[in-house]
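Data block below; observations after.
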Protein chains: 2
Amino acid sequence: MDALKTVKTTARPIRRATLHHSAVAELRAMILDGELPPGVRVPEVQLCEQLGISRTPLREALRVLSSEGLVELRPHRGAIVAPVDPNEIAAIFEVMDALERLAGTLACKNGLEAEFTKLDRMHDQLVAQHEAGERAAYFLTNRQIHAQIVAMARNPALEATYGGFATKILRARSLANYDAGRWQESVDEHEVFMKALRRRDAEEFGALLADHSRRTAVAVIQALQPVRAP
Amino acid sequence: MDALKTVKTTARPIRRATLHHSAVAELRAMILDGELPPGVRVPEVQLCEQLGISRTPLREALRVLSSEGLVELRPHRGAIVAPVDPNEIAAIFEVMDALERLAGTLACKNGLEAEFTKLDRMHDQLVAQHEAGERAAYFLTNRQIHAQIVAMARNPALEATYGGFATKILRARSLANYDAGRWQESVDEHEVFMKALRRRDAEEFGALLADHSRRTAVAVIQALQPVRAP
DNA sequence: AATCATTATTTTGTATACAATTTGGCACGG
DNA sequence: CCGTGCCAAATTGTATACAAAATAATGATT
């Protein structure tokens, strides 16, 4: 007696089966990984055979990435991977500070108890990775922590906007090698705002997150300066 | 002795000649004007002959609008104009408040003298249009004022994000008829934050703008409630 | 008569072919 | 020797044709 006709195979019934959607994901990853460095031209046919798809879905993907700001479309002149402009990154961080503050405040108000404890565990992991000098793992955990905070804000619009900026910032970071001294500072700041979080002090937590973001901005932009385009 | 080889015919040498780009603009306008109401299906071929273009550029346009959140793509099931979800609008306003505050603070710091006076003139116009009961003209001026403030912030990332949200909010507004009582209130709030602006009190101006945004949010969302989908 | 299965139609997704524009090179003239 | 104009190759923009999937319509079976 099966009451259901269809079996729920997975929690998310949305299957992204279309090629153009896969192409977006693939290209985005390639751009983030630096496989497609900023400023480089994106020849359609070459990428087509590389991805094993036709031009149609690839072009659709390029339009989407353009609207995300990861590529620039120059009519009749081909697409290029969007260059990383320090001024643009600075502007993004200026907005990001405000978003971090908002995320922090809302997360404090809307987060579930289980999420707070999860955040605590993640923070412990972060500190451990810092002490162990595991740079790559640290950065990943760091991103996950901030993503978790944003998720706890329970605001899809904030999450989407934050994600878009985070992507661009991530790309800038991967270009500019991070200052070593900033690492310790950053961990300290995490310690501080986590204390505010444990007190459930929403305003203070938000303010500290914004401050953390601002300091990160300074470090990233500074590290970006020597990369002057040749 | 002309030192320049090319004559600058216009300030923006970028010409948007491609069909898919025109299609994006056209469709976006149609969605905003309510010509394509929320939830309605978007049959590709029908729109193609209506716009006089082929399916290829139209589909590219749909992907862009999807990435902007104005249409929803359901794989193999066609695209629909994104429904206006009160919860989504509420979430957007929550972010918008923060953006308004940021815009106000930055505008106060980075605005040029000429721009401040221009804003004053626009405000006078706004008040006049309110007194004259010119509803449509008032709303236009209102939008222009806020756009001007955002422009004065000198932050392209903020401007783009703000613009995207403003588009969605505008669509929600056009659906829900605005409460009459709110109109007077709104003008009063404009009066108040303009005073702060004339004092060049950046923090206060930002705070008042955020407050204005929050109150607008309440009014819009309330006006949106009776529109329960049948 | 109602339900299910199967088929037909419509619509979307993808690939390919054609048109238009840009860019690099080359010859010609100054 | 340099600049200008024209031509050719390559690449993008658009249109159309074909394939796949979903919806509907129909008929058979109970």
Side-chain angles (χ1 to χ4, degrees), chain A residues 1-10 12-27 31 36 39-67 70-82, chain B residues 1-7 9-10 12-28 31 36 39-67 70-82:
Chain A
M1 285 87 163
D2 40 10
L4 297 174
K5 277 184 287 190
T6 58
V7 180
K8 288 186 179 179
T9 54
T10 171
R12 48 169 90 173
I14 301 160
R15 41 182 170 180
R16 301 176 168 177
T18 68
L19 285 190
H20 99 264
H21 211 295
S22 314
V24 168
E26 193 65 33
L27 287 176
I31 292 174
L36 290 175
V40 86
R41 283 202 58 219
V42 186
E44 295 183 358
V45 284
Q46 182 182 318
L47 275 181
C48 281
E49 48 194 35
Q50 191 170 339
L51 296 179
I53 63 177
S54 171
R55 274 184 65 209
T56 306
L58 180 87
R59 285 170 57 80
E60 291 178 355
L62 285 179
R63 298 306 184 281
V64 171
L65 291 173
S66 161
S67 131
L70 285 180
V71 310
E72 277 183 19
L73 298 179
R74 303 166 306 173
H76 290 284
R77 299 188 55 194
I80 62 172
V81 177
Chain B
M1 292 83 169
D2 42 9
L4 296 174
K5 277 183 287 189
T6 59
V7 180
T9 54
T10 172
R12 48 170 90 174
I14 301 160
R15 43 183 168 179
R16 301 175 168 178
T18 67
L19 284 189
H20 98 265
H21 211 296
S22 314
V24 168
E26 193 65 32
L27 287 176
R28 189 159 33 204
I31 293 174
L36 290 175
V40 87
R41 282 200 59 219
V42 186
E44 295 182 359
V45 283
Q46 181 182 319
L47 275 181
C48 281
E49 48 194 35
Q50 192 170 339
L51 296 179
I53 62 178
S54 169
R55 275 184 63 210
T56 307
L58 181 87
R59 284 171 59 80
E60 291 178 355
L62 285 179
R63 299 299 134 81
V64 171
L65 291 172
S66 161
S67 133
L70 285 180
V71 311
E72 276 183 20
L73 298 178
R74 303 165 307 172
H76 291 284
R77 299 189 54 195
I80 62 172
V81 177

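Side chains included, hydrogens not; waters and symmetry mates left out as well; all remaining heavy atoms used. Naming: A, B, ... by sequence-line order, numbering from 1 per chain. Predicted model only: the values in this text are computed from it and were never measured.
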Round to a whole Å and report the spacing from CD1 of B:I80 to P of C:dT11. 17 Å

Counting primed atoms, P, OP1 and OP2 as sugar-phosphate and everything else as base, the B/S/- map of nucleotides 13-19 of chain D against protein heavy atoms under 4.0 Å is BBBBB--

What heavy-atom pair brings A:L73 and A:A79 nearest, and what distance separates the two atoms? CD2-CB, 3.6 Å

If you measure from NE2 on A:H20 to CZ on A:R63, what distance do you get to the nearest 0.5 Å? 12.5 Å

How close do B:L27 and B:L47 get, heavy atom to heavy atom, and via which atoms? CD2-CD1, 3.8 Å

Heavy-atom closest pair, residues B:I31 and B:V81: CG2-CG1, 3.9 Å

When rounded to the nearest 0.5 Å, the distance separating CG of A:L62 from CD1 of A:I80 is 12.0 Å

Tell me whether the OP1 or OP2 atom of D:dA10 has a side-chain N or O from A:R41 closer than 4.0 Å. no

